[in-house]
Amino acid sequence: MADYAVFSIADFDANAYANAVLFGEPYPPTSSSQLKPKMSRSIQEPAKEDTSMAISKLDLGIEDVSKQIKALVTAHHEDLLQHASNASKLSGSLSSCPTRPRRRRILDRKTNVTRLQRIQQANDALRRTARFAVLAKRLEAQMSELGGYESGEKRTGVGANGPVEEEKERSIAKAALSIAELSALLDGPDEDNPEETHAQPDGESSLPTSANSIPLRSVNAAAAYIPFITDSRKKVTEEMEAMVLQGLTSLDQSLLASSLQTAYNLRMLPTLVEGLVRDLSEAVEERIQNAFDLSRISKEIVAKEPSQASQGLLYKSRVRTEPTNITAPQFAAALWTRLESLVEEMAGCCIKVYTLEKVLNLKKDPVSGITFLDEALKAIDSKPSIVFWSSLGKSLEKCARDAAKGSSFLQQTLSSGYPKLLRLFHEFFASIAVHTDTVYTPAYQSPETILVLRALSTFEALYVSRSSTRMNEAVAQAFSGGSRAPPSANEGNNIVRAVTNELDSARSDPLLVRAVAKNAATSLESVTTRADGLVVSDRSAVSLLGPVATSQQLLNGQVATCLYHCWTKLEKLMKEHTESVSTAIGPSITKIRSRYDQIVDPLLTAIKKELASIVSRLHRLDLQKAIDPMSGISGTSLYMKDLVDKLNFVKTGLLSNFAPEIVRPWVSGIVKYVIRIFVLHASIAKPLGESGKLQLTTDMTELEFSLGAFLADGSQSKRGGNLESIGDEYKALRAMRWASFLAPLTGPQRARRPLLFLENAFLASPERTAGLAPLVVLHHILVRSPLPLPHTLHGWQESEYVRWVDEHSPEEALSLIDSSITHWEIRDGNREDAGTAVEYVGLARAVLQTAQRLS
């Protein structure tokens, strides 16, 4: 037990014992020799041998004491179990039993346990001290090497700054790792973050395993290195921070990765990342505040103004933060210049944040595999990019709101110039798109971009409100005259121009143009509502009595012209914009067109009905009387004169109230309708004699001249006056008047002869009836024959039958005639007087077969 006597001393001090072993001095110290701490920065070889020998003796002592304790526990395990199970019963008996032997054994046991604990503490302190000495020497070499880079001793060879810098970065990272291990040995384990321990390259643990370990700061040999470690940490930290700033400034990911590795080795990566993100966010916030600071703008403008000798004689405002009407352009130019600089600085800070996050995500701890980004998230709530965007949005929103409330100049300038402000931010998004994952296109907008633009919602709301006001004012001005001065083409163009200007101003931004389009849709809906209040829908609006148009027709004509210009030009405008704009405004344009149709469709229907009613009076004529040779050529029929007069009234009295571009397709449609209705009525006129044929020919000639005049637009070019442009309808009219045939006895000679006078043998020939519809030829065959016409068979009036034919397809009309012929064949085909009708039935069947073959 003599070997362990030193540990049983009552005032045994493990720190003093460790110092005595390190310095080769006896313990406990004698009165003649005192412990003197040696401040040498190196541990001599004899001390290393004494330390190793002392550690070996302590290990042997620990094993010996462990064996003694085990033997005691084995020998008395029954007593221990007995005491544990019957502690309450034995408490009384123990008080009456002799206690001296038992107390002696308990004291011996406590002494052995205390001795074992002290031996373990001393062993642990010596082991960590030895490790500390090795790391201290390593750090000295690393700092010496780093000093060589700074003094220029390492810059040899081809002046390769790149490789030398890379070696310097690696040296800094290694020195940081050594400093972190030495700090961990000095300070002991971190109880809050026990997982922060990093494995060492040589496989040894740098942190003690016991919570009651002796701190090395109390060991003189280790304490002597503390100033050196502190200086080294400060120097390495400064180098690391300089590398981080340089890497972010130049966007050098390699340099940034090396500096972050150094910070990770120093166990300060989360703090560093948090500080960098905070600094960048604060820098952006400060620049935003400066950009909207009107007092700074005022000082900047005052500084640029030329000095005046007579300033003392002039009035000078005490507060010049708000510009006057004279200085407002200078203030506005300075404001936009500051905003342009702000956007550039925001882009630079944003790119730095994304570069930092990218490197953090790529770098990993080689042992644990944890990315540096996950390590940095211990100090910040979210990714650096998310923190930056959130801070940027809050700062921008706050400054924009305060600027709008505090300065009428800023509110006016930035709200009226909001599209220009948006273009600056578009440049910001475009400049960072290469380095980040942000996207801002008409099809897709990243959440980050929407967050930033929502921060400008104060100015956007003001701009959209004023834009809506301008469009509403254009609509209100167009309808301000009421029914006395209704809107016309000019007012419609003004409305379209206002909508076009607002959409063009906002089209550079997909979100803004969408908001403006919604307001434009609302304004255009008010056009329909206001037009409804002016339009007249009673009988006077479609009356064709003449000789002049009614006031209601004049009113409806001007309103319809206004609506026509609105919807036609807006439809063309929608082709120039995106689908979202068309979706927003499309329903309003459809409503305008629908209201326009509700105005003009009843009028056009009334015109057609009136003209058809006049043409139907053809059947009141006596067309079967014989020709009087002495009477000469008969004049135009009364119904045709009325038709000519009505066409003239429609053109000059009704259609003149509308714009020419509106009327032009109407005129063509009316001419086609009149010709089609007249040809149908003329083809079913029965009975028809020779004088009737001549009368129809005369009426057709008059009709052709009147329709030609109706088509003419009054200009010298006579645009639209050519009936040839009407197409098939005019060909049918000409074919009714003239048909070609081959005279039977004159060989190849050709002559022209009216269809009405065409011989029966040529009625079924497609060449002789070219230009005429098969239905018209069939009508003429039935008129010449004793067979009844379809309307006669069904008991219809001529006008009813013509209206039915006009509303149904040619196939249905031919089917009706076929069924009428079949009905006659069944009922009257076998009669004795039916011989003359057989020829016409054959002609009709031939025409029907030809029509079926050509269809």
Side-chain angles (χ1 to χ4, degrees), residues 128 131-150 165-190 192-208 216 222 225-226 228-248 252-276 356-380 384:
R128 289 187 292 114
R131 175 64 180 169
F132 183 89
V134 174
L135 292 175
K137 281 188 167 295
R138 182 185 300 172
L139 180 60
E140 286 180 343
Q142 291 168 346
M143 296 306 296
S144 176
E145 182 180 2
L146 185 60
Y149 287 111
E150 294 179 353
E165 290 296 331
E166 292 178 0
E167 292 177 5
K168 180 181 178 181
E169 294 167 9
R170 285 194 292 268
S171 298
I172 294 175
K174 292 178 182 178
L177 186 59
S178 300
I179 292 172
E181 295 178 21
L182 290 170
S183 300
L185 288 170
L186 286 172
D187 299 332
D190 188 357
D192 296 332
N193 297 307
E195 297 179 358
E196 217 175 74
T197 304
H198 297 276
Q200 307 305 323
D202 51 6
E204 301 182 14
S205 175
S206 65
L207 296 179
L216 291 187
Y225 281 93
I226 292 178
F228 171 68
I229 295 174
T230 302
D231 294 340
S232 299
R233 172 182 284 274
K234 181 179 179 182
K235 185 175 182 179
V236 171
T237 302
E238 291 175 353
E239 290 286 345
M240 179 269 298
E241 292 176 349
M243 290 167 57
V244 169
L245 294 179
Q246 183 180 355
L248 289 177
D252 188 347
Q253 296 187 13
S254 176
L255 180 60
L256 191 58
S258 300
S259 60
L260 293 178
Q261 182 67 56
T262 302
Y264 182 75
N265 293 342
L266 289 173
R267 313 291 190 266
M268 58 181 298
L269 179 64
T271 306
L272 175 67
V273 174
E274 180 187 14
L276 288 174
L356 175 63
E357 182 177 318
K358 187 181 298 183
V359 175
L360 287 172
N361 196 30
L362 292 176
K363 290 288 292 183
K364 293 182 179 180
D365 181 18
V367 177
S368 63
I370 300 176
T371 62
F372 284 9
L373 181 59
D374 294 335
E375 186 72 16
L377 290 178
K378 295 178 181 179
I380 55 179

Locate the shortest heavy-atom distance separating [X] from [Y]; write the atom from each residue and the value.
{"X": "Leu272", "Y": "Met240", "answer": "CD2-SD, 3.6 Å"}
{"X": "Ala257", "Y": "Val359", "answer": "CA-CG1, 3.7 Å"}
{"X": "Thr271", "Y": "Ala379", "answer": "N-CB, 4.5 Å"}
{"X": "Pro384", "Y": "Val273", "answer": "CG-CG1, 4.4 Å"}
{"X": "Gly369", "Y": "Lys364", "answer": "O-CD, 3.9 Å"}

How many angstroms lie between atom [atom1] of [X] and atom [atom2] of [Y], to the nearest 0.5 angstrom?
{"X": "Ile172", "Y": "Thr237", "atom1": "CD1", "atom2": "OG1", "result": "10.5 Å"}
{"X": "Phe372", "Y": "Asp365", "atom1": "CZ", "atom2": "CG", "result": "6.5 Å"}
{"X": "Lys378", "Y": "Glu274", "atom1": "NZ", "atom2": "CD", "result": "14.0 Å"}
{"X": "Leu260", "Y": "Leu276", "atom1": "CG", "atom2": "CG", "result": "8.0 Å"}
{"X": "Leu248", "Y": "Ser259", "atom1": "CG", "atom2": "OG", "result": "7.5 Å"}
{"X": "Ile179", "Y": "Phe228", "atom1": "CD1", "atom2": "CZ", "result": "8.0 Å"}

_Using side-chain heavy atoms (C-beta onward) and a distance below 4.5 Å, is Leu356 in contact with Val244?_
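Leu356 does not reach Val244 side chain to side chain.
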_Stepwise side-chain contact (heavy atoms from CB on, under 4.5 Å) check, Gln246 with Leu255_ = CA-CA 8 Å; Gln246 183 180 355; Leu255 180 60; 3.6 Å; yes
_Taking side-chain hydrogen bond (donor to acceptor under 3.5 Å, both in side chains) as the definition, give me every residue that meets it alongside Lys363, ordered by chain and number, with sequence neighbours left out._
Gln261
*Looking at Leu362, Leu360, Leu269, which hits side-chain contact (heavy atoms from CB on, under 4.5 Å) with Leu373?*
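So the option named by the test is Leu360.
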*Under the side chain to side chain contact (heavy atoms under 4.5 Å, CB included) test, residues paired with Ile226 that sit two or more places apart*: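 Checked Ile226 against side chain to side chain contact (heavy atoms under 4.5 Å, CB included); matches are Leu186, Arg217, Ala223, Thr230.
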